[in-house]
Amino acid sequence: MQIDSLSRDRETAEQRASEVGREKRDLEAKIEDDQEAYEEVIAKQKNILQQLTALQADYSRANETIGRLEGENLSLKHEVEEVNQRLDQSQRQSDVQSRTSAMEVTGLREKLELEQSAKHRLEVQTRRFKESVKRLTEEKELIERGDGFHGEPLRRTMKNTRSQGRVGRGGEKGTGRQ
């Protein structure tokens, strides 16, 4: 009985050992599968971390580029504003110069008209003087030839002509060029 009991206990113990061995193998296989899955998860996590690090670096570079471009944009806006201000100032100066030039041109035209009218008056006076000189020369020649009866009126005419010539020249000096 004891032997039977020991034999049964032994069989039970062997069955139990066999079951435990199977469970152990199953658990070891499961642990091995879990270890492989864990290693895959760790590899994926490392890969994701590398990608995340690369993305963060790209993000930082993009932020730096955005900041630099915003700075350049602001700088360009200031430059455009300065150029617009200079353009406005240049246009105002151009307008002032244009008005000044127009006034100068008007002044020069008026001066030219005065000069032309003065020239015309001088030409008329010169023509009259030449006519008077010619007439007087002809009368003088007549007097020298002996036509005495014209003498006294001719002298008065010459005297009047001379005094008119002085008045004409004196009057012209008053309205002459300046």
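Note: hydrogens, waters and symmetry copies are ignored here, and every other heavy atom, side chains too, is used.
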Side chain to side chain donor-acceptor pair (under 3.5 Å): which pairs involve residues 24-33, sequence neighbours left out?
->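 Applying side chain to side chain donor-acceptor pair (under 3.5 Å) to every pair that reaches into residues 24-33, excluding sequence neighbours, yields nothing.
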Nearest-0.5 Å distance that lies between atom [atom1] in [X] and atom [atom2] in [Y]:
{"X": "His120", "Y": "Gln125", "atom1": "NE2", "atom2": "CD", "result": "10.5 Å"}
{"X": "Asp4", "Y": "Arg8", "atom1": "CG", "atom2": "CZ", "result": "6.0 Å"}
{"X": "Ile31", "Y": "Glu36", "atom1": "CD1", "atom2": "CD", "result": "12.5 Å"}
{"X": "Lys119", "Y": "Leu122", "atom1": "NZ", "atom2": "CG", "result": "10.0 Å"}

Under the side chain to side chain contact (heavy atoms under 4.5 Å, CB included) test, which residues partner [X], sequence neighbours left out?
{"X": "Gln51", "answer": "Asn47"}
{"X": "Arg10", "answer": "Glu14"}
{"X": "Thr137", "answer": "Val133, Glu141"}
{"X": "His78", "answer": "Leu74"}

So which pairs with a foot in [range] pass salt bridge (charged side-chain N to carboxylate O under 4.0 Å, His left out), sequence neighbours left out?
{"range": "residues 55-72", "value": "Asp58-Arg61, Arg68-Glu72"}
{"range": "residues 74-100", "value": "none"}
{"range": "residues 45-56", "value": "none"}

Sequence neighbours excluded and cut-off under 3.5 Å, please list the side-chain donor-acceptor pairs for residues 100-110, or say none.
| unit_1 | atom_1 | unit_2 | atom_2 | d |
| --- | --- | --- | --- | --- |
| Thr100 | OG1 | Val96 | O | 2.8 |
| Ser101 | OG | Gln97 | O | 2.9 |
| Thr106 | OG1 | Ala102 | O | 2.8 |

Is there a side chain to side chain contact (heavy atoms under 4.5 Å, CB included) between Tyr59 and Leu55 once you walk through the steps?
CA-CA 6 Å; Tyr59 179 75; Leu55 288 174; over 6 Å; no
* Asked: Ignoring hydrogens and geometry, is there a side-chain-to-backbone donor-acceptor pair from Ser98 to Ser94 under 3.5 Å?
  ->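 Not confirmed, Ser98 side chain does not pair with Ser94 backbone.
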Would you please name every residue forming a side-chain hydrogen bond (donor to acceptor under 3.5 Å, both in side chains) with Ser90, sequence neighbours left out?
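Ser90 satisfies side-chain hydrogen bond (donor to acceptor under 3.5 Å, both in side chains) with no other residue.
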Next on the checklist: Just to verify, what does Gln35 make a side-chain hydrogen bond (donor to acceptor under 3.5 Å, both in side chains) with, not counting sequence neighbours?
Outcome noted: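 Gln35: side-chain hydrogen bond (donor to acceptor under 3.5 Å, both in side chains) contacts with Glu39.
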Practice prompt. State, with a plain yes or no, whether a side-chain heavy atom of Leu69 is found less than 4.5 Å away from one of Thr65.
Written response: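 They are in side-chain contact.
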I want to check something: taking the side chain as every heavy atom from C-beta on, are Arg127 and Val124 in contact at a cut-off of under 4.5 Å?
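Result yes, sub-4.5 Å side-chain heavy-atom pair found.
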task: Tell me who clusters with Tyr38, hydrophobic residues only, linked when side chains sit under 4.5 Å apart either directly or through other members.
output: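 Ile42, all in the cluster of Tyr38.
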Any chance you could lay out the salt bridge (Lys or Arg N to Asp or Glu O under 4.0 Å) test for Lys140 and Glu144, step after step, and finish with the verdict?
CA-CA 6 Å; Lys140 178 184 167 200; Glu144 286 176 356; 3.7 Å; yes
Side chains of Arg22 and Ser18: donor-acceptor distance under 3.5 Å anywhere?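 Checked: Arg22/Ser18 side chains pair up, N/O donor to acceptor below 3.5 Å.
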